[in-house]
S.K.: 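Please read through the structure below; I'll follow up with questions.
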Amino acid sequence: MNTNHSIGNNALVWFRHDLRLDDNQTLVAACQYAAEHQGTVRAIFVVTPKQWASHDVAPIQLDFIERQVNQLAIELAELGIPLDICHADDFDAIPELLSQYVATWQMTKVFATSEPECNEQRRDHAVIEAGIKLELSLQHCFLPPLSVLNLSGEMYKVFTPFAKKWRQIAKQDPIQTLARPEPIAAPLPTPNYVEFHCTKICSEQWQVGEHAAQAKLRQFAQAKVAGYQACRDFPAIDGTSQLSAYLAIGILSPRQCLQVLLSHYPDALVHDESPGRCWLNELIWREFYRHLLVAFPKLSRRANFNALADSIKWRNNPREFQAWCEGRTGYPLVDAAMRQLNQTGWMHNRLRMVTASFLTKHLLVDWRWGERYFRQKLIDGDLAANNGGWQWSAGTGCDAQPYFRVFNPISQCEKCDPTGAFIRNYLPELDGVDLKLIHKLKIPIQAQLFVGTDYASPIVDHKFARTRAIAVLSAIKKGSAKAQQIGVQQAQEIDRESRVDLDKEIFG
């Protein structure tokens with residue numbers, strides 16, 4: 001192959017959230033183009049600190065991305081492909097940066113993976129308008145957005161029929177992943193480690209590299225998928241895949257996950273009773289939320305999917321929100337879950353539902369406050385999944401749980417952590433407390449939260465909070481200003497009659 005970049009017909013791979021060599025359609029397309037046109041291949045990753053800050057990308061995820069990008073640079077060098085890590089403050093600066101890069105290296109075409117978010121799509125449009133030939137691959141989902149439609153040619157708004165149609169399409173063709181390209185030139189010297197100039201938090205507890213991620217995927221399929229449905233709701237048990245961080249930044253592809261799953265459970269696409277069906281549905285939920293993000297761009301702007309929810313009068317008490325963030329609500333399962341998030345950058349999926357329901361329904365805090373906080377903390381932060389999950393919990397989203405369904409954080413405590421192992425791990429101040437007291441929430445609990453401080457009493461009474469939430473959130477069903485006013489009046493009456501002011505006890 002001719003490696004003189006000045007000849008032109010060279011291909012540039014623009015890595016984003018597809019940080020892998022295996023099963024990467026974008027990388028394969030670039031290498032094929034270069035081979036057909038006797039050109040070369042280069043790669044680029046663009047660091048955008050201000051954009052990441054505006055998108056609330058978690059510092060732990062940025063560290064994870066940095067480590068994976070540097071690992072990717074090493075593996076690309078073995079293929080003879082240099083990876084340049086460039087800096088642009090935000091997306092607005094990318095067209096000029098790419099124009100200069102393309103001109104310098106005589107890049108004929110830029111290859112990248114499409115992304116479903118609104119700002120990312122605007123960025124790509126601006127790049128094309130700048131005269132850069134950008135070819136996009138649709139690989140962030142297994143089935144491309146807008147390819148799973150109902151009989152009217154519209155996006156499904158309910159998960160179950162979407163999943164049924166998704167499975168029907170997915171089973172039509174063999175599922176095959178792409179091998180990483182062969183080397184296109186002699187190996188390059190091992191590149192120096194490049195640090196991102198942004199706020200980061202250590203992510204060393206999560207291994208980087210495709211080999212580690214693929215091994216984790218295979219191990220999960222072999223040892224845990226069969227028991228996934230039975231174990232997935234217990235945070236003290238290592239029963240979930242914990243692959244979301246790898247999917248979020250593209251170390252793994254959805255096609256790789258599906259292929260490995262079907263290699264062990266080939267009937268998962270066709271039989272409801274297949275042991276692989278439960279985890280398959282989790283992969284389809286991921287697809288559902290990403291398809292929704294493309295079909296309804298307003299979701300990228302954190303709009304309520306259900307417009308009737310715009311009339312909800314959220315309480316948005318900042319002190320109660322802070323107590324929730326810090327794990328000081330007085331409900332052990334909620335507090336342990338929030339501390340897991342704060343300490344590890346990850347939270348068990350069942351607990352994401354429990355904590356989200358508590359914030360939006362017990363405290364009547366706008367789901368966008370919680371969604372943003374999760375995004376700022378999660379190593380697996382992903383707008384589609386985060387938005388979808390929070391709107392589901394709040395009752396404002398597509399195929400959401402009804403507004404009148406309010407998770408009981410006391411009964412959930414006993415169901416999800418029957419031995420108290422998870423709670424005691426993250427709330428060591430409850431080590432000496434009888435398990436029955438933790439599960440039944442007998443107050444006061446005589447235990448030390450910090451030196452000289454008792455574990456907080458419940459921030460709100462569950463029965464009272466449930467009644468108040470149903471009154472206020474009934475606006476989703478009623479929709480009218482009059483109905484909303486009646487709901488708010490009912491909530492105010494409940495406040496006057498039932499609410500105990502615990503501000504002094506909880507906040508000092």
S.K.: Quick check: closest heavy atoms across Thr396 and Gln391, and the distance to 0.1 Å?
M.R.: OG1-OE1, 2.7 Å

S.K.: How close do Phe111 and Ala11 get, heavy atom to heavy atom, and via which atoms?
M.R.: CE1-CB, 3.7 Å

S.K.: Hey, are the side chains of Ile184 and Leu79 touching, using non-hydrogen atoms and a 4.5 Å cut-off?
M.R.: no

S.K.: Return the orientation label for the Trp390 and Phe374 ring planes: parallel under 30°, perpendicular over 60°, tilted otherwise.
M.R.: perpendicular

S.K.: Work out which heavy atom in Asn192 is nearest to a heavy atom in Asn70; give both atom names and the distance.
M.R.: O-OD1, 3.9 Å

S.K.: Quick one: CD1 on Ile132 to CG on Asp124, what's the gap to the nearest 0.5 Å?
M.R.: 10.5 Å

S.K.: Checking side chain to side chain contact (heavy atoms under 4.5 Å, CB included) for the pair Leu299/Tyr289: CA distance, chi angles, key distance, verdict?
M.R.: CA-CA 10 Å; Leu299 296 178; Tyr289 286 142; over 6 Å; no

S.K.: Between the side chain of Lys298 and the main-chain N/O of Phe305, is any donor-acceptor distance below 3.5 Å?
M.R.: yes

S.K.: Is there a side chain to side chain donor-acceptor pair (under 3.5 Å) between His55 and Asn119 once you walk through the steps?
M.R.: CA-CA 10 Å; His55 287 176; Asn119 287 341; 3.0 Å; yes

S.K.: Consider only side-chain N and O atoms of Arg277 and Gln229, and report whether a donor and an acceptor are under 3.5 Å apart.
M.R.: no

S.K.: Below 4.5 Å, heavy atoms only, C-beta onward: do Phe358 and Thr355 meet side chain to side chain?
M.R.: no

S.K.: Sub-3.5 Å donor-acceptor pair from the side chain of Thr108 to the main-chain atoms of Asn10, do we have one?
M.R.: yes

S.K.: With rounding to the nearest 0.5 angstrom, report the NZ to OG1 distance, Lys224 to Thr240.
M.R.: 7.0 Å

S.K.: Under 4.0 Å between a Lys/Arg side-chain N and an Asp/Glu carboxylate O for Arg42 and Asp84?
M.R.: yes

S.K.: Is there side-chain contact between Met338 and Tyr426, with heavy atoms separated by less than 4.5 Å?
M.R.: no

S.K.: Between Lys50 and Asp90, is there a side-chain N and carboxylate O pair less than 4.0 Å apart?
M.R.: no

S.K.: First locate atom CG of Leu76, then atom CZ of Arg180, and finally report the distance between them rounded to the nearest 0.5 Å.
M.R.: 8.5 Å

S.K.: Look only at the side chain of Glu135 and the backbone of Ala112, and say whether a donor-acceptor pair between them is shorter than 3.5 Å.
M.R.: no

S.K.: Report yes or no: do Gln51 and Asp92 form a side-chain donor-acceptor pair below 3.5 Å?
M.R.: no

S.K.: Please say whether the positively charged group of Arg123, taken as NZ for Lys or CZ for Arg, lies over the ring of Phe91, i.e. under 6.0 angstrom from the six-membered ring centre and within 45 degrees of the axis.
M.R.: yes

S.K.: Kindly assign one of parallel, tilted or perpendicular to the pair Trp285 and Phe288, based on the angle between their ring planes and the thresholds 30° and 60°.
M.R.: perpendicular

S.K.: For Val41 and Pro82, which heavy atoms make the closest approach, and how far apart are they?
M.R.: O-CD, 3.7 Å

S.K.: Examine distances only and state if a side-chain atom of Gln106 and a backbone atom of Ala103 form a donor-acceptor pair shorter than 3.5 Å.
M.R.: yes

S.K.: Between Arg16 and Glu120, does at least one N-O distance fall below 4.0 Å, as a salt bridge requires?
M.R.: no

S.K.: How about Glu75 and Gln71: does a side-chain donor come under 3.5 Å of a side-chain acceptor?
M.R.: yes

S.K.: How long is the straight-line distance from NE2 of His348 back to CE of Met353, given to the nearest 0.5 Å?
M.R.: 9.0 Å

S.K.: Quiz question: by atom type and distance under 3.5 Å, do the side chains of Gln256 and Thr177 form a donor-acceptor pair?
M.R.: no

S.K.: Atom CD of residue position Gln205 - does it have more than 12 heavy atoms of other residues, nucleotides or ligands inside 6.0 Å?
M.R.: no

S.K.: Evaluate side chain to side chain contact (heavy atoms under 4.5 Å, CB included) for Asp267 paired with Glu273, printing each intermediate quantity in order.
M.R.: CA-CA 9 Å; Asp267 60 346; Glu273 65 275 13; 6.0 Å; no

S.K.: Judged by modelled atom types alone, do Thr360 and Ser393 share a side-chain donor-acceptor pair under 3.5 Å?
M.R.: no

S.K.: Side chains of Gln214 and Leu252: does their closest heavy-atom pair fall under 4.5 Å?
M.R.: yes

S.K.: Inspect the surroundings of NE2 in His87 and state if more than 12 heavy atoms from other residues, nucleotides or ligands are less than 6.0 Å away.
M.R.: yes

S.K.: Crowded around Gln207 CD? As in, over 12 foreign heavy atoms under 6.0 Å?
M.R.: no

S.K.: Measure from the side-chain N and O atoms of Asn9 to the backbone N and O of Gly39, and report whether any donor-acceptor pair falls under 3.5 Å.
M.R.: no

S.K.: Examine distances only and state if a side-chain atom of Gln68 and a backbone atom of Leu19 form a donor-acceptor pair shorter than 3.5 Å.
M.R.: yes

S.K.: A side-chain contact here means heavy atoms from C-beta on lying under 4.5 Å apart; do Val13 and Ile81 qualify?
M.R.: no

S.K.: Under 3.5 Å, is there a donor-acceptor pair linking the side chains of Arg352 and Asn349?
M.R.: no

S.K.: Backbone N or O of Asn306 within a donor-acceptor pair of the Asn304 side chain at under 3.5 Å?
M.R.: no

S.K.: For Tyr193 and Glu66, test the side chains for any donor-to-acceptor distance below 3.5 angstrom and give the result as yes or no.
M.R.: yes

S.K.: For Glu96, look at atom CD and say whether over 12 heavy atoms of other residues, nucleotides or ligands are found less than 6.0 Å away.
M.R.: no

S.K.: Shortest non-hydrogen contact from Tyr246 to Ala213?
M.R.: CD2-CB, 3.5 Å

S.K.: Can you tell me how far the CG atom of Leu261 sits from the CG atom of Leu283, to the nearest 0.5 Å?
M.R.: 6.5 Å

S.K.: What donor-acceptor contacts under 3.5 angstrom involve side-chain atoms of residues 150-164, with partners at least two apart or in another chain?
M.R.:
unit_1	atom_1	unit_2	atom_2	d
Asn150	OD1	Ser152	N	2.9
Asn150	OD1	Gly153	N	3.1
Asn150	OD1	Glu154	N	2.9

S.K.: Taking Asn342 for the side chain and Cys325 for the main chain, is one N or O donor matched with an acceptor at less than 3.5 Å?
M.R.: yes

S.K.: For the CG atom of Leu134 and the OG atom of Ser114, what is their distance to the nearest 0.5 Å?
M.R.: 10.0 Å

S.K.: Ignoring hydrogens and geometry beyond distance, is a side-chain donor-acceptor pair present between His125 and Glu129 at under 3.5 Å?
M.R.: yes

S.K.: Any side-chain donor-acceptor pair under 3.5 Å between Trp346 and Gln242?
M.R.: no

S.K.: Of the non-hydrogen atoms in Ile175 and Leu262, which two are nearest, and what is the gap between them?
M.R.: CD1-CD1, 3.3 Å

S.K.: Checking side chain to side chain contact (heavy atoms under 4.5 Å, CB included) against Cys86, which of Leu97, Val194, Leu98 comes through?
M.R.: Leu97

S.K.: Flag the pair Val47 / Val69 as yes when at least one side-chain heavy-atom distance between them is below 4.5 Å, and no otherwise.
M.R.: no

S.K.: Can you confirm whether Glu117 sits close enough to His17 that some side-chain heavy atom of one is under 4.5 Å from a side-chain heavy atom of the other?
M.R.: no

S.K.: Side chains of Arg286 and Arg290: does their closest heavy-atom pair fall under 4.5 Å?
M.R.: yes

S.K.: Side chain to side chain contact (heavy atoms under 4.5 Å, CB included) for Leu12 and Val110? Distances and angles first, verdict last.
M.R.: CA-CA 5 Å; Leu12 176 63; Val110 179; 4.0 Å; yes

S.K.: Would the Tyr265 and Trp279 ring centres measure less than 6.0 Å apart?
M.R.: no

S.K.: Would you find a donor on one side and an acceptor on the other, under 3.5 Å apart, between the side chain of Gln25 and the backbone of Ser137?
M.R.: no

S.K.: Regarding Lys200 and the six-membered ring of Phe64, is the cationic atom NZ or CZ under 6.0 Å from the ring centre and inside 45° of its axis?
M.R.: no

S.K.: Using modelled atom types only, decide if a donor and an acceptor are shared between the side chain of Gln139 and the backbone of Ser253 within a distance under 3.5 Å.
M.R.: no

S.K.: Does a salt bridge link Asp22 with Arg20, judged by any charged N lying under 4.0 Å from a carboxylate O?
M.R.: no

